[in-house]
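Encoded as structure tokens, the structure appears first; notes follow it.
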Number of protein chains: 2
Amino acid sequence: MNNLPDKTVERLSQYRRSLNNQLAKGKTHIFSHEIANLLHITPVQVRRDIMLIGYSGTLRKGYDIQDLVNLIGQIIDTDNGQNIAVIGMGNLGKAFIHYLYEKRTKLKIVAAFDVNPDKINKSYADVYCYHMDQLEEIIAKESIKIGIITTPPEAASELADRLRDAGLKGILNYTPKPLSEREGVYLEEYDMITSLEKVAYFVKNK
Amino acid sequence: MNNLPDKTVERLSQYRRSLNNQLAKGKTHIFSHEIANLLHITPVQVRRDIMLIGYSGTLRKGYDIQDLVNLIGQIIDTDNGQNIAVIGMGNLGKAFIHYLYEKRTKLKIVAAFDVNPDKINKSYADVYCYHMDQLEEIIAKESIKIGIITTPPEAASELADRLRDAGLKGILNYTPKPLSEREGVYLEEYDMITSLEKVAYFVKNK
DNA sequence: TTAGAATTGTTAAAAATTTAACAACAAATT
DNA sequence: AATTTGTTGTTAAATTTTTAACAATTCTAA
Ligand SMILES: NC(=O)c1ccc[n+]([C@@H]2O[C@H](COP(=O)([O-])OP(=O)(O)OC[C@H]3O[C@@H](n4cnc5c(N)ncnc54)[C@H](O)[C@@H]3O)[C@@H](O)[C@H]2O)c1
Ligand SMILES: NC(=O)c1ccc[n+]([C@@H]2O[C@H](COP(=O)([O-])OP(=O)(O)OC[C@H]3O[C@@H](n4cnc5c(N)ncnc54)[C@H](O)[C@@H]3O)[C@@H](O)[C@H]2O)c1
């Protein structure tokens with residue numbers, strides 16, 4: 001199950017989120033068009049994605065939500081979860097820690113790092129903040145494989161090297177400075193301004 | 001210039017960001033492959049996008065950065081900028097306000113809204129936070145056209161209706177609850193968990 | 001018990017996006 | 001002055017992603 005289209009992988013994550021909500025409401029089965037409504041995409045796309053991961057629903061009864069959630073888990077989770085570090089315990093770093101803390105997911109933020117003495121050696125939402133000097137040590141000890149960069153942009157590039165050298169395999173960069181690719185490290189970037197300017201463009205032109 | 005592919009619009013925003021950095025460093029001209037490196041995409045894609053917006057560089061000299069920045073501005077900005085509101089002055093709301101405050105862009109956050117008395121009637125990074133009761137009034141007064149939702153997810157759906165009724169044309173939803181489409185309102189969603197699970201998937205499978 | 005409605009799974013078609021290929025030509029080098 | 005090198009702009013091809021179409025099947029209810 002390792003040749004799924006990129007876009008399908010993204011949607012699987014969203015399916016699971018919505019499906020869990022439905023489960024919480026006591027629903028056990030769901031139709032493709034219901035999932036589609038939840039995510040405002042088309043039912044065909046839902047059915048096709050589900051086909052690609054090799055799951056089958058029952059005709060006229062829909063998909064068993066729990067089964068589907070489990071299967072998605074098998075595909076996108078690792079068996080015992082993956083440990084994550086946040087580097088830069090500012091507004092954004094805190095927002096993410098707080099956010100992930102509320103969800104129970106296999107992705108777990110197990111450490112934060114900063115250089116500011118005010119932030120260090122304290123916990124925020126159960127995540128302990130270490131000094132940057134301990135970066136390599138803690139990454140090794142906690143076998144952290146993914147890092148989220150929320151420092152000021154100036155620090156990002158050097159930091160990414162350090163993370164790579166410490167053995168990280170994935171980096172999520174929220175800094176507005178785009179990073180160059182590093183061999184063996186999957187890189188994902190996000191800049192809010194891109195989203196915002198996209199909205200602005202469509203507001204202007206539609 | 002209003003039939004650009006979605007993906008090109010997204011990239012234009014990123015081009016501008018990087019180009020401005022280069023300008024700041026005193027560079028005046030740039031080659032397609034340099035832009036490509038900055039964003040880790042291919043030079044062809046850069047050239048093609050630039051072609052689509054109708055700009056021409058000079059052979060063997062590259063693109064005039066200032067001209068290109070100006071042209072991108074003409075395409076994605078409105079003439080006198082666009083006013084934005086943030087609803088929900090928590091960690092994430094603050095992070096965005098702080099972030100946009102530092103950039104000089106035509107997109108300007110002119111108001112924040114919250115229900116918590118601790119947050120109301122104070123300014124954060126020059127943005128004044130109003131009580132939700134004043135939402136419609138301030139939106140009209142400041143002719144706000146775009147809203148960023150950073151409240152708890154429970155509030156999102158009702159809020160989106162209220163924003164639509166108040167005349168907003170674009171909504172950026174950072175709440176993990178996907179909103180349904182509203183006639184006449186461009187909607188963009190972002191959920192960090194999707195990015196994170198995508199990284200986790202590729203870390204696991206590559 | 002038959003006809004009609006609803007829903008899945010899948011193949012095929014369409015649309016969107018990215019990549020390749022290369023002609024044109026300016027600048028640098030011989 | 002001739003040749004090589006580097007770079008753009010653009011058309012065409014390839015790839016990826018979305019949408020359409022529909023056969024198969026189950027349920028509902030006439
Ligand atoms: N991509 C987006 O959508 C988006 C949105 C908002 C902010 N941002 C960016 O995210 C980053 C953080 O934003 P914020 O509002 O949380 O800023 P912030 O100033 O609140 O937080 C930055 C934190 O990083 C720490 N830090 C500074 N240098 C460091 C270093 N070398 N190593 C480790 N930690 C260091 C600081 O002590 C601080 O705690 C900024 O780069 C900002 O531009 C991005
Ligand atoms: N999409 C993402 O990547 C991402 C990341 C982190 C957090 N989040 C989400 O963003 C939202 C905000 O996160 P946060 O960490 O800033 O939370 P927070 O609790 O710090 O902030 C929420 C703010 O909204 C205010 N609020 C509550 N109800 C409101 C209402 N009805 N109207 C107006 N304001 C109201 C609260 O007073 C508070 O100030 C949450 O929904 C969270 O799940 C999303």
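Just so we're clear, the structure is a prediction, and the values are computed from it rather than from any experiment. Each chain gets a letter, A, B and so on, in the order its sequence line appears, and its residues count up from 1.
- Separating the NZ atom of A:K7 from the C1' atom of D:dT15 is a distance of 13 Å, rounded to the nearest angstrom.
- B:L19 has its side chain out of reach of B:Y63: every pair of non-hydrogen atoms, C-beta onward, lies at least 4.5 Å apart.
- In this structure, B:L4 places its CG atom 13 Å from P of C:dT18, rounding to the nearest Å.
- Counting to the nearest Å, the P atom of C:dT17 and the CZ atom of B:R11 are 9 Å from each other.
- Counting non-hydrogen atoms of neighbouring residues, nucleotides and ligands closer than 6.0 angstrom, the NZ atom of A:K204 exceeds 12 such neighbours.
- Distance, A:D49 CG to C:dT8 C1': 15 Å, rounded to whole Å.
- Spacing between atom CG of A:L52 and atom P of D:dT18 amounts to 11 Å, rounded to whole angstrom units.
- Residue B:K27 qualifies as enclosed at atom NZ: its count of foreign heavy atoms under 6.0 Å is above 12.
- Under the side chain to side chain contact (heavy atoms under 4.5 Å, CB included) test applied with B:R16, the options B:D77, B:L71, B:N70, B:I75 reduce to a single match, B:D77.
- For residues 56-64 of chain A, proximity to DNA chain D is found at A:L59, A:R60, defined as any non-hydrogen atom under 4.0 angstrom from a strand atom.
- In the region residues 31-48 of chain B, proximity to DNA chain D at under 4.0 angstrom, judged on heavy atoms, holds for B:F31, B:S32, B:H33, B:R47, B:R48.
- With salt bridges taken as basic N to acidic carboxylate O contacts below 4.0 Å, none links B:E183 and B:R164.
- Rounding to whole angstrom units, CG of residue A:N3 and P of D:dT17 are separated by 12 Å.
- Side chains of A:D191 and B:Y99: a donor on one and an acceptor on the other come within 3.5 Å.
- Rounded to an integer number of Å, the gap from A:D6 CG to C:dT18 C1' is 13 Å.
- Summarising the geometry of A:A200 relative to B:Q82, their closest heavy-atom pair is CB-NE2, 3.4 Å, with the distance given to 0.1 Å.
- With rounding to whole Å, B:H29 atom NE2 is found 15 Å from C:dA26 atom C1'.
- Remark: aromatic rings of A:F96 and A:Y174 are close, center separation under 6.0 Å.
- For the pair A:R162 and A:E136, the salt-bridge criterion is met [side-chain N within less than 4.0 Å of a carboxylate O].
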